[in-house]
**Student:** 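Once you've had a glance at the structure underneath, I'll fire off some questions.
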There are 2 protein chains.
Amino acid sequence: MASSGLLTRPLYLQVRDALAARIANGGWKPGKPIPNELDLAREYGVSSGTMRKALDLMEGERLVTRQQGRGTFVNDQTSEELSLRFSAIRDASGGRIAGQVELGEITEGTANELECARLRLQAHDHVYRVHCTRLHEDRPFMVEEASMPAALFPRLREINGFPHQIVALAQKNGILVGKAEERISVCAATPAVAEALRVAPSTPILALDRVMLALDGRPIEWRLGQCNLTAHHYLVEIS
Amino acid sequence: MASSGLLTRPLYLQVRDALAARIANGGWKPGKPIPNELDLAREYGVSSGTMRKALDLMEGERLVTRQQGRGTFVNDQTSEELSLRFSAIRDASGGRIAGQVELGEITEGTANELECARLRLQAHDHVYRVHCTRLHEDRPFMVEEASMPAALFPRLREINGFPHQIVALAQKNGILVGKAEERISVCAATPAVAEALRVAPSTPILALDRVMLALDGRPIEWRLGQCNLTAHHYLVEIS
DNA sequence: AAGTGGTCTAGACCACTCA
DNA sequence: GAGTGGTCTAGACCACTTG
């Protein structure tokens, strides 16, 4: 039984935070099972109902997957299903496409004005910047420039080949991914973009301005994408 | 205690269905309170925990709103907040815009091929079709054509001035709105669209293809919209 | 003070998976 | 058959709103 002062957050939220921290800091590994509800309830000194409520929450946040008769497992955010969930672009048959990535340069610098606004940084904070082109069936469909707060990704340089996969990067740096907000507009392809996407100049292009947020609400990536939708579409589910 | 056969759906889902039906058929009115948890639990012969789980579900489905100390209220889907939730188009300051509607003609006919596909109808089912233009601050920003299965809206003709507001229409016809799926693509404005939107021909336009579904999954509306995004943007939250 | 929803407990039993 | 999560019960007590 935890302390129950007057202004305390509900127990199940405190328990959720403790379990989430254990996933973030690597105590529990992606793909591996965690102890069963009853053991966890005893360990944290709460009832099984409260532990269940915490785990239900975490399942909704895609931190764990529960399977009747098998157990509760830490989600691997780099799995196809989970890492693709932020790719709203679909091919003709409706499947999500992430694309093969043709990596441009990775640079580091101080945040510019827009980066400060989107990533809630101070003027002299550092960011990593990544350019890339995404291909689907050998055809480029999107060019993108992404910026990430350098302070959040101390291990960026260690990881080979993943600076374009924000959810993988976050997982390796102990960040729990929450949600993304994407602003969509349209424009005509500039000559440079037209060349990169191999379309005629001034072809109508989908412009994507996306901010990815951690579960705690911190912005972790800002991405500008320009996308040729002639062979694809962008699918949104609104509920 | 309800019957507990072997292949029955969980009790809390059965209870949810019963309560939802009571909202759909008008037994409980939008904006009005429903009985408290304990009374409902007694009425349906379930424990308060089970009733609570059913009500939690319904809150997530936006059928009711619960307020500690006040009660549980049937949501009015025509409220600004709820009716705007499917309008992803935002003005410069980030607010959702529905627009003033300039209504075109309303017609009835048999479903064409696309309508059959999108609305899951048979070849000779009837549909209502509505054309309209949406204005924001006196400027047109979207033209749209919507189709609805005539069978689902027996009371369409009775209702003055709402055939463009699908959630209001659904509520009056005893349909519980679930979610929408919107396919986004880009195109150049055709001369007709350019004139309606008062933009230059071949201006890049956002094309929206949206199917609205009832809570039970039945398609209730298919809408094609063409949208001038020069002063606005489309905002998606992906979780 | 009375009435509401929100949290929390301590169980029982069911359904499913797997060795 | 042993172990897991899923459902369901019958309470107690807390936090909030309203008269």
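Quick note on labels: first sequence line is chain A, next is B, and so on, each numbered from 1. Values reported hereafter were calculated over all heavy atoms of this structure, with side chains retained and with hydrogens, waters and symmetry mates removed.
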**Student:** Any side-chain heavy atom of A:T78 within less than 4.5 Å of one from A:P30?
**Tutor:**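 No, too far: nothing below the 4.5 Å cut-off.
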
**Student:** Quick one: B:L55 CG to C:dT7 C1', roughly how many Å, whole number?
**Tutor:**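 That distance rounds to 16 Å.
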
**Student:** Looking at A:R70, I'd like to know whether one of its side-chain N or O atoms comes within less than 4.0 Å of OP1 or OP2 on C:dC16.
**Tutor:**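 For C:dC16, OP1/OP2 do not have a side-chain N/O of A:R70 under 4.0 Å.
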
**Student:** Would you indicate whether the side-chain heavy atoms of A:L63 and A:L215 approach each other to under 4.5 Å?
**Tutor:**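 Yes - at least one pair of side-chain heavy atoms lies under 4.5 Å apart.
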
**Student:** Does a nitrogen or oxygen in the side chain of B:K53 sit under 4.0 Å from OP1 or OP2 of D:dT7?
**Tutor:**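 True: B:K53 side-chain N/O within range (under 4.0 Å) of D:dT7 OP1/OP2.
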
**Student:** Reading DNA chain C from 5' onward, which residue's closest nucleotide shows up sooner: A:S47 or B:P35?
**Tutor:**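 First, find each residue's nearest nucleotide; the 5'-ward one identifies B:P35.
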
**Student:** Check this for me: does any side-chain nitrogen of one of B:D209 and B:R118 sit under 4.0 Å from a carboxylate oxygen of the other?
**Tutor:**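 Looking at B:D209 and B:R118, the cut-off is met.
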
**Student:** Can you tell me how far C1' of D:dT9 sits from CZ of B:R42, to the nearest Å?
**Tutor:**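 Spelled out: CZ on B:R42 to C1' on D:dT9 is 15 Å.
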
**Student:** Please work out which residues in residues 58-68 of chain B have a non-hydrogen atom less than 4.0 Å from an atom of DNA chain C and list them by number.
**Tutor:**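 Under 4.0 Å from DNA chain C: B:R66, B:Q67, B:Q68.
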
**Student:** Looking at D:dG3, I'd like to know if its phosphate oxygens (OP1 or OP2) sit under 4.0 Å from a side-chain N or O belonging to A:N36.
**Tutor:**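 False: A:N36 side-chain N/O out of range (4.0 Å or more) of D:dG3 OP1/OP2.
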
**Student:** Rounded off to whole Å, could you give me the CZ-to-P distance for the A:F73 and D:dT4 pair?
**Tutor:**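 Rounded to whole Å, this separation is 11 Å.
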
**Student:** Using a strict 4.0 Å threshold on nitrogen-to-oxygen distance, state whether B:R42 and B:D39 make a salt bridge.
**Tutor:**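 Looking at B:R42 and B:D39, the cut-off is met.
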
**Student:** Given atom CG of A:L40 and atom P of D:dG5, what is their separation to the nearest angstrom?
**Tutor:**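 In whole Å, D:dG5 P lies 8 Å from A:L40 CG.
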
**Student:** Does B:R155 offer a backbone N or O that forms a donor-acceptor pair with the side chain of B:N173 under 3.5 Å?
**Tutor:**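 Yes, because the side chain of B:N173 sits within donor-acceptor range (under 3.5 Å) of the backbone of B:R155.
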
**Student:** Using heavy atoms to find the nearest nucleotide of DNA chain D for A:G69 and A:R52 separately, return the residue whose nucleotide is more 5′.
**Tutor:**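 Whichever sits nearer the 5' end wins; that is A:G69.
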
**Student:** Is there side-chain contact between B:E182 and A:I238, with heavy atoms separated by less than 4.5 Å?
**Tutor:**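 The answer is yes, as the side chains (C-beta and beyond) meet within the 4.5 Å cut-off.
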
**Student:** State which of D:dC8, C:dT7, D:dG5 makes the closest approach to the side chain of B:T50.
**Tutor:**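 The answer is D:dC8.
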
**Student:** Nearest-Å distance, CZ (B:R9) to P (D:dC8)?
**Tutor:**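 Spelled out: CZ on B:R9 to P on D:dC8 is 11 Å.
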
**Student:** Taking atom P of D:dA2 as reference, at what distance in whole Å does atom CG of A:L38 sit?
**Tutor:**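 From A:L38 CG to D:dA2 P: 17 Å.
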
**Student:** For A:E37 and C:dG11, give me the distance from atom CD to atom P, rounded to whole Å.
**Tutor:**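 Those two atoms, CD and P, are 16 Å apart.
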
**Student:** D:dT4, C:dG11, C:dG5: which one has an atom nearest the side-chain heavy atoms of A:S48?
**Tutor:**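 The closest nucleotide is C:dG11.
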
**Student:** More than 12 heavy atoms of other residues, nucleotides or ligands under 6.0 Å from CD of B:E59: yes or no?
**Tutor:**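 Counting other residues, nucleotides and ligands, CD of B:E59 exceeds 12 neighbours.
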
**Student:** Looking only at side-chain atoms of B:L11, point me to the closest of D:dT7, C:dT7, D:dC8.
**Tutor:**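 Looking only at heavy atoms from C-beta outward on B:L11, the closest nucleotide is D:dC8.
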
**Student:** Where the side chain of A:P10 is concerned, which of C:dT7, D:dG6, D:dC8 is the nearest nucleotide?
**Tutor:**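 Of the options given, the side chain of A:P10 lies nearest C:dT7.
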
**Student:** I want to check one thing: is the phosphate of C:dT7, taken as OP1 and OP2, less than 4.0 Å away from some side-chain N or O of A:Y12?
**Tutor:**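 Yes, within the criterion.
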
**Student:** Return the value, rounded to whole Å, for the distance between atom CG of B:D56 and atom C1' of C:dG6.
**Tutor:**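 In whole Å, C:dG6 C1' lies 9 Å from B:D56 CG.
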
**Student:** Quick one: which residue pairs count as a salt bridge (Lys or Arg N to Asp or Glu O under 4.0 Å) with a foot in residues 11-29 of chain B, not counting sequence neighbours?
**Tutor:**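 For residues 11-29 of chain B: B:R9-B:D17, B:R16-B:E61, B:R22-B:E43.
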
